[in-house]
Amino acid sequence: MPIRIATWNINSLRLRIEAVSRFEKAFRPDVFCFQEIKCREAEFPYAALKAMGYDHFAVNAQKGYHGVAIASRFPLHDIESRDFCDKGEARHVSATVQAEAKGNVSGFQIHNFYVPAGGDVADPETNPKFKHKLQFLEEMQRHFSDDAPSSHAILVGDLNVAPLENDVWSHKALLSVVSHTPQEVERLNAVFESGGWTDPVRRQSPEPERVYTWWSYRSPNWALANKGRRLDHIWIRGALSMLPAETQIVRETRGWDRPSDHVPVLLDLR
DNA sequence: ATGGTTGGGGTCCAA
């Protein structure tokens, strides 16, 4: 049995806990990473997640906005939440997963990120949110290049950047749209390269195949128009990147009642 | 070029 990791920007975990349950029944992830949980820790739906078989948690929560969490069937150790950019925002949580497969126990580190969206204007001089986004990515780069790049780890989350031309519905139309500007892409690529990461989603589905994980709520006909972006990512490094890996993007959840605007990304590692 | 929708918390901000 492979180990299955899922990441999903859920856009309010309490509101969509039934969607999480439906997804869990169908896809059974072992380690489930959420972004935009949008609740205080006291409001975190521990009981509902325990009923789905998750007994181990790493939660970095705040009232109303942002918030990330890991729910795991395997024990979690060394739980840390780093306050990137020192703004007091809950955008990162990491843990060591004590995974067990075929009786072999081995650990790997997992980092769960919610990178700032960056506002509307792609100019750090006039838009402090965009400046924050660029600084957040720069701090991520420094953080991971300080590590031993060969250490096995997984990085997941809503990185709010679609780095490749075929990660958006129109490269040309989105070049000046926050999420696909050269400034962000350059910084995300620096995180990826200096950290020694690999991208199993694009290993499986190389360009020019179009891959999206997000469709705006503002498009009434999201499936037909299909103006999506790939904002949600799973990266792996070290010995993990040598393992047989399969990924899935579970687009069908975008068509469920009251959906998140993001869909889950799954990774199976053997 | 413009405006379109959703969620949380509270009468507007973030996405």
Quantified in whole Å, what is the [atom1] atom distance between nucleotide [N] and nucleotide [M]?
{"N": "dG8(B)", "M": "dG4(B)", "atom1": "P", "value": "22 Å"}
{"N": "dG3(B)", "M": "dG9(B)", "atom1": "C1'", "value": "25 Å"}
{"N": "dT11(B)", "M": "dG7(B)", "atom1": "C1'", "value": "15 Å"}
{"N": "dA1(B)", "M": "dC12(B)", "atom1": "C1'", "value": "26 Å"}
{"N": "dA14(B)", "M": "dG10(B)", "atom1": "P", "value": "14 Å"}

Rounded to whole Å, how long is the line connecting atom [atom1] of [X] with atom [atom2] of [N]?
{"X": "Tyr114(A)", "N": "dA14(B)", "atom1": "OH", "atom2": "C1'", "result": "7 Å"}
{"X": "Asp158(A)", "N": "dG7(B)", "atom1": "CG", "atom2": "C1'", "result": "15 Å"}
{"X": "Arg14(A)", "N": "dG8(B)", "atom1": "CZ", "atom2": "P", "result": "6 Å"}
{"X": "Lys38(A)", "N": "dC13(B)", "atom1": "NZ", "atom2": "P", "result": "15 Å"}
{"X": "Gln35(A)", "N": "dG7(B)", "atom1": "CD", "atom2": "P", "result": "17 Å"}
{"X": "Asp120(A)", "N": "dG3(B)", "atom1": "CG", "atom2": "P", "result": "13 Å"}
{"X": "Trp214(A)", "N": "dT5(B)", "atom1": "CH2", "atom2": "P", "result": "14 Å"}
{"X": "Lys227(A)", "N": "dT5(B)", "atom1": "NZ", "atom2": "P", "result": "15 Å"}

* Asked: 5'-most contact on DNA chain B: Lys63(A) or Asn11(A), nearest heavy atom basis?
  -> Asn11(A)
* Asked: In terms of the nearest nucleotide of DNA chain B, which residue is placed more toward the 5' end: Tyr217(A) or Tyr65(A)?
  -> Tyr217(A)
* Asked: For Arg40(A), which contact category applies under a 4.0 Å heavy-atom criterion: base, sugar-phosphate, or nothing?
  -> nothing
* To do: Identify whether any heavy atom of Arg91(A) sits under 4.0 Å from a base atom; if not, whether one sits that close to sugar-phosphate; answer base, sugar-phosphate or nothing.
  => sugar-phosphate
* Asked: Without hydrogens or angle criteria, can the side chains of Thr247(A) and Gln204(A) be said to hold a donor-acceptor pair below 3.5 Å?
  -> yes
Below 4.0 Å: OP1/OP2 of [N] and any side-chain N or O of [X]:
{"X": "His66(A)", "N": "dA15(B)", "answer": "yes"}
{"X": "Arg218(A)", "N": "dA15(B)", "answer": "no"}
{"X": "Arg258(A)", "N": "dG7(B)", "answer": "yes"}

* Give the minimum heavy-atom separation between Leu155(A) and Met140(A), together with the two atoms involved. => CD1-CE, 4.3 Å
* To do: Check whether any side-chain heavy atom of Leu231(A) lies under 4.5 Å from a side-chain heavy atom of Val161(A), and answer yes or no.
  => no
* **Short side-chain to backbone donor-acceptor contact, Arg202(A) and Ser205(A), under 3.5 Å** => yes
* Is atom CG of Asn221(A) surrounded by more than 12 heavy atoms (other residues, nucleotides or ligands) closer than 6.0 Å? -> yes
* Asked: Within 45 degrees of the axis of the six-membered ring of Trp197(A) and under 6.0 Å from its centre: does Arg237(A) put its NZ or CZ there?
  -> yes
* To do: With the side chain of Leu15(A) defined as its heavy atoms from C-beta on, choose the nearest nucleotide among dG9(B), dA15(B), dG7(B).
  => dG7(B)
